[in-house]
Amino acid sequence: MARDEVLKMKWETLVEKLSQQFADGDELELDAIIYLIGVQELGQLNRKFKKDEKLNLMHIAICRLLEPYGYYEFDFYDDDGWPHYTMKEQLPILKAGEQSILMKEAIVQYFSEGGYLE
C-alpha cells in the first residue's frame, strides 16, 4: 500500500476515534485536533482558556509535532507550566496541501507514539 494511502487510512481512523471521544461524533477538523494536542501538552485539562491562550496552545502543539522533524526543540517550562520551544530550523515554504499533509503525518506519528492509535 502506498505511503499516502496508509497515512490517509490512519488519519481517518484517528479523526473518527477523536471525534467520538471529544465531539460526540461530529468530525473534528485539523485545527481542533491541533488544539487538543496543545491542551494535552500543557497538561491543564480541566480549565477554560482565553482566546490568546487557545492560540498559544495551538503553537505549543505545532512546536511539539514538528520537534521530531528537527524544526523545534523543547527549551523550558515557564512558571505557569507552559512549555517553550526554540526554532532550530526555518520551516520550508509549503503549499497549503503540503502543510496539511505534513501536519497530518506529524499528528498520526504523535498519537501512534503515545499508544492512542493502533
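Throughout, numbering of the chain's residues begins at 1 and tracks the sequence. Nothing here was measured: the structure is a model prediction, and the numbers come from that model.
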Quiz item: With sequence neighbours left out, what residues match His59 under ring pair (Phe, Tyr, Trp, His ring centres under 6.0 Å)?
Solution: none

Quiz item: Could you state the interatomic distance from CZ (Phe49) to CG (Leu57), rounded to the nearest 0.5 Å?
Solution: 5.0 Å

Exercise. Could you pull out the closest heavy-atom pair between Tyr72 and Glu67, with the gap in Å?
Key: O-CG, 3.3 Å

Quiz item: If you measure from NZ on Lys104 to CD1 on Ile34, what distance do you get to the nearest 0.5 Å?
Solution: 10.5 Å

Quiz item: If only atom types and distance count, is the side chain of Ser100 paired as donor or acceptor with the main-chain N or O of Ala96 below 3.5 Å?
Solution: no

Exercise. Kindly write out the residues that satisfy ring pair (Phe, Tyr, Trp, His ring centres under 6.0 Å) with Phe111, not counting sequence neighbours, or none if the list is empty.
Key: Tyr116

Exercise. Evaluate the side-chain proximity of Met103 to Ile62: yes if any heavy-atom separation is below 4.5 Å, no if none is.
Key: yes

Practice problem: Test Trp11 against every option in Ile101, Leu117, Val108 by the side chain to side chain contact (heavy atoms under 4.5 Å, CB included) rule and name the one that passes. | Solution: Val108

Quiz prompt | Value rounded to 0.5 Å, distance of CD in Glu53 from CG in Asn56 | solution = 7.5 Å

Exercise. Would you please classify the geometry between the Tyr69 ring and the Tyr71 ring as parallel, tilted or perpendicular, with 30° and 60° separating the classes?
Key: parallel

Practice problem: Give, for atom CG of Asp75 and atom OG1 of Thr86, the distance between the pair rounded to the nearest 0.5 Å. | Solution: 3.5 Å

Quiz item: Should the heavy atoms of other residues, nucleotides or ligands under 6.0 Å from CD of Glu89 be counted, would the total exceed 12?
Solution: yes

Quiz prompt | Contact summary for Ala32 and Leu28, nearest pair of heavy atoms | solution = CB-CD2, 3.9 Å

Quiz item: Does any N or O in the side chain of Gln44 come within less than 3.5 Å of the main-chain N or O of Asp80, such that one atom is a donor and the other an acceptor?
Solution: yes

Quiz item: Do you reckon Leu91 sits in the same ILVMFWY cluster as Ile37, going by side-chain contacts under 4.5 Å, direct or chained?
Solution: yes

Exercise. Evaluate the side-chain hydrogen bond (donor to acceptor under 3.5 Å, both in side chains) criterion for residues Glu113 and Gln109: first the C-alpha distance (whole Å), next the side-chain angles of each, then the deciding distance (0.1 Å), finally the verdict.
Key: CA-CA 6 Å; Glu113 288 173 357; Gln109 179 179 334; 3.0 Å; yes

Self-check item: Ile93, CD1: over 12 other non-hydrogen atoms inside 6.0 angstrom
Solution: no

Quiz item: Within the distance-only criterion (no hydrogens, no angle test), does the side chain of Glu105 pair as donor or acceptor with the backbone N or O of Leu7 below 3.5 angstrom?
Solution: no

Exercise. Examine Val15 and Val6 and state if one hydrophobic cluster contains both, with Ile, Leu, Val, Met, Phe, Trp and Tyr joined whenever side-chain heavy atoms are less than 4.5 Å apart.
Key: no

Quiz item: Quick one: NZ on Lys51 to CG on Leu55, what's the gap to the nearest 0.5 Å?
Solution: 7.0 Å

Quiz item: Is there any salt bridge (Lys or Arg N to Asp or Glu O under 4.0 Å) pair reaching into residues 20-43, and which pairs are they, with sequence neighbours excluded?
Solution: Glu41-Arg64

Exercise. Over all heavy atoms of both residues, which pair between Ala61 and Gly38 is shortest? Give the atoms and the distance, please.
Key: CB-N, 3.5 Å

Quiz item: So how far is it from His84 NE2 to Phe76 CZ, rounded to the nearest 0.5 Å?
Solution: 4.5 Å

Quiz item: Is Met9 reachable from Leu30 through a run of hydrophobic residues whose side-chain heavy atoms are each under 4.5 Å from the next?
Solution: no

